[in-house]
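To start, the structure under review is shown below, and the notes come after it.
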Amino acid sequence: MGTILITPGKNGRLNVQFRYSPERVSAIKDVPGRVWHPEEKFWSVPSTPETLRILHSCFLRDRIVLSKDMTNALPGLPTEKVDVILASFDEVLTAKGYSDKTRENYRLHIQWFLNWFRREPALATNQDVKDYLLWNIDLKRAASYIRQAKAALRVFFEHVVARPEVVVDLPYVKTPNKLPVILSRDEVKRLLNATGNLKEKALLSMAYSAGLRISEVTRLKVSDILSDRGQVHVCDGKGRKDRYTILADQTLQTLRAYYLEYQPWDWLFPGVVSGEQLSISTAERIFRRARKKSGINSKASMHALRHSFATHLHEAGTDIRYIQELLGHIDIRTTARYTQVSKRTLSEVRSPLDSPPLASGEGDEG
């Protein structure tokens with residue numbers, strides 16, 4: 001696959017540049033009104049939507065790239081039109097039972113696509129969607145970002161635009177196999193001691209001791225703390241699943257002191273606005289402040305507390321399937337990655353340098 005670069009030209013024309021091959025020269029000769037410019041070594045074609053469509057059909061094995069100047073020159077969709085499209089998309093997402101967070105992320109991805117495409121989505125081709133994803137890949141977007149963009153585009157074109165053929169055979173991005181950042185027990189202790197007040201300590205202690213996602217800990221209600229059973233009820237977790245996880249005695253003591261001082265009545269960790277829970281961004285800021293003050297691993301995010309919870313349980317001998325239930329993982333393979341960073345697993349393997357020498361004749365081939 002090569003790149004066909006299209007840039008604005010003069011006198012209502014588009015300049016088309018590509019690496020020479022007989023097949024590409026033959027292809028562009030199928031475009032009406034094409035002109036070869038030997039001195040500058042590029043082709044020019046009429047600047048019309050029909051020409052762009054023909055170019056896409058002629059260079060099926062190549063990638064059509066519109067320069068930034070070209071995309072910015074397009075008028076774009078009116079804000080009111082975009083709002084109507086996004087509202088229709090949100091109705092589909094709601095009907096399909098997507099969570100609030102997923103709906104928000106998918107709407108953003110479609111809004112970004114519309115800002116990039118700048119035309120009616122019904123005019124988009126399969127190559128347009130591929131170009132958009134490849135453009136994001138060129139920008140070094142994370143694999144998770146590309147995966148979510150693909151998922152949003154599939155739902156959008158299949159159920160809103162009703163053109164499923166536009167989102168087939170999309171680019172694939174391999175997810176890097178990165179190990180999670182794990183904090184030691186000492187680092188967790190230092191982090192909790194570095195918090196600014198009881199509310200912050202209770203928040204981070206709950207996230208670690210129960211293995212909660214940041215969205216789960218900020219959505220906890222007072223009634224979700226089952227102190228008599230030593231459990232936490234996680235309502236509507238990832239995948240819209242409820243589950244129970246453990247409540248540490250030390251965390252319960254911290255929660256009781258926090259409750260006496262702050263008197264939360266509905267949300268366990270209320271936000272600044274009355275009646276709303278603590279925002280995820282605020283929880284992240286709390287973690288970053290404590291991380292900086294404690295001097296622990298600067299690469300750790302608040303999600304590292306959940307990773308550390310699972311790893312420390314495995315190191316303590318807890319069965320991996322029990323850890324899976326506590327974390328709410330659907331696939332055991334997701335949980336199994338913690339065995340890769342667990343000291344318990346690594347300590348069971350001895351370096352051959354530390355192994356006793358083989359007895360005389362042992363291991364010789366007969």
Side-chain angles (χ1 to χ4, degrees), residues 98-108 144 148 180-181 183 187-227 230-294 296-310 326-328:
Y98 286 92
S99 69
D100 292 345
K101 184 64 176 178
T102 302
R103 285 165 49 203
E104 178 184 352
N105 289 337
Y106 278 24
R107 287 196 305 269
L108 278 173
S144 57
Q148 192 172 70
V181 175
L183 302 176
E187 285 180 312
V188 173
K189 185 177 180 180
R190 283 157 49 197
L191 179 79
L192 297 179
N193 289 335
T195 51
N197 53 52
L198 263 176
K199 182 177 181 178
E200 294 181 358
K201 185 174 184 178
L203 175 80
L204 299 186
S205 179
M206 177 62 71
Y208 167 69
S209 67
L212 300 179
R213 300 177 178 91
I214 188 170
S215 59
E216 293 171 344
V217 72
T218 55
R219 288 204 312 268
L220 284 175
K221 295 196 172 185
V222 174
S223 57
D224 292 328
I225 307 302
L226 311 178
S227 55
Q231 293 181 337
V232 179
H233 183 206
V234 182
C235 298
D236 200 19
K238 190 173 182 179
R240 315 215 81 164
K241 291 176 57 180
D242 288 7
R243 72 179 190 278
Y244 289 97
T245 185
I246 52 180
L247 176 64
D249 290 338
Q250 289 186 34
T251 301
L252 180 57
Q253 295 173 16
T254 302
L255 282 175
R256 284 173 172 163
Y258 159 69
Y259 183 84
L260 289 175
E261 181 173 338
Y262 287 84
Q263 294 291 313
W265 62 273
D266 183 18
W267 298 109
L268 183 61
F269 301 109
V272 176
V273 179
S274 178
E276 294 186 4
Q277 75 267 37
L278 189 75
S279 68
I280 289 176
S281 59
T282 300
E284 289 172 335
R285 284 197 297 272
I286 290 171
F287 176 86
R288 288 196 296 269
R289 283 200 301 266
R291 181 190 64 192
K292 184 177 181 180
K293 186 176 178 182
S294 63
I296 64 171
N297 192 334
S298 60
K299 295 182 179 179
S301 66
M302 189 165 171
H303 204 66
L305 294 175
R306 176 173 160 88
H307 294 322
S308 303
F309 164 84
L326 294 175
L327 294 175

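- With values rounded to the nearest 0.5 angstrom, Arg107 atom CZ is found 10.5 Å from Thr102 atom OG1.
- Looking only at distances, a side-chain donor or acceptor of Arg306 sits under 3.5 Å from a matching main-chain atom of Gly211.
- More than 12 heavy atoms of other residues, nucleotides or ligands sit less than 6.0 Å from atom CG of Asp242.
- Scanning both residues, Ser205 and Thr251, for their nearest heavy atoms gives OG-OG1, 2.8 Å.
- A salt bridge between Asp100 and Arg103 is present, with a side-chain N of the basic residue lying under 4.0 Å from a carboxylate O of the acidic one.
- Put simply, OG1 on Thr254 and CG on Asp249 are 11.0 Å apart, with the number rounded to the nearest 0.5 Å.
- The aromatic rings of His303 and His307 stand perpendicular to each other, their planes meeting at an angle above 60°, with 30° marking the opposite boundary.
- For residues 279-291, the pairs satisfying side chain to side chain donor-acceptor pair (under 3.5 Å) are Glu200-Arg289, Ser279-Ser281, Ser279-Thr282, Thr282-Arg285, with sequence neighbours left out.
- Across every non-hydrogen atom of Met206 and Leu247, the tightest pair is CE-CD1, 3.8 Å.
- Here NE2 of His233 is found 10.5 Å from CG of Leu220. Values are rounded to the nearest 0.5 Å.
- Across Leu327 and Ala310, no two heavy atoms sit closer than the pair CD1-CB, 3.7 Å.
- When ring centroids are compared, Phe287 and Tyr208 stay outside the 6.0 Å threshold.
- Atom NZ in Lys199 sits 14.5 Å away from atom OH in Tyr259 (nearest 0.5 Å).
- Between Gln277 and Pro264, every side-chain heavy-atom pair lies at or beyond the 4.5 Å cut-off.
- Side-chain contact check for Ser215 versus Ile280: some heavy-atom pair is nearer than 4.5 Å.
- With contacts defined as side-chain heavy-atom distances shorter than 4.5 Å, the pair Leu305/Met302 qualifies.
- With hydrogens and angles ignored, the 3.5 Å screen pairs a side-chain donor or acceptor of Tyr258 with a backbone N or O of Leu268.
- What you find for Ala304 and Val181 is that their closest heavy atoms are CB-O, 3.6 Å.
- Considering CD of Glu216 and CZ of Arg243, their distance stands at 4.0 Å, rounded to 0.5 Å.
- Taking the side chain as every heavy atom from C-beta outward, Leu203 and Thr195 never approach each other to under 4.5 Å.
- Closest heavy-atom contact between Trp267 and Thr218: CE3-O, 4.5 Å.
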* To do: Begin from the C-alpha positions of Asp224 and Val234 and carry the test side chain to side chain contact (heavy atoms under 4.5 Å, CB included) through to its verdict.
  => CA-CA 7 Å; Asp224 292 328; Val234 182; over 6 Å; no

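- Using a 4.5 Å heavy-atom cutoff, the side chains of Phe309 and Ile246 are in contact.
- In terms of heavy atoms, Ser227 sits closest to Leu252 at CB-CD1, 3.7 Å.
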* Could you give me the CA-CA distance, side-chain angles and deciding distance for Arg256 and Gln253, then say whether side chain to side chain contact (heavy atoms under 4.5 Å, CB included) is met? => CA-CA 5 Å; Arg256 284 173 172 163; Gln253 295 173 16; 5.6 Å; no

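- One finds the OG atom of Ser308 at 8.0 Å from the CD atom of Glu187 (value rounded to the nearest 0.5 Å).
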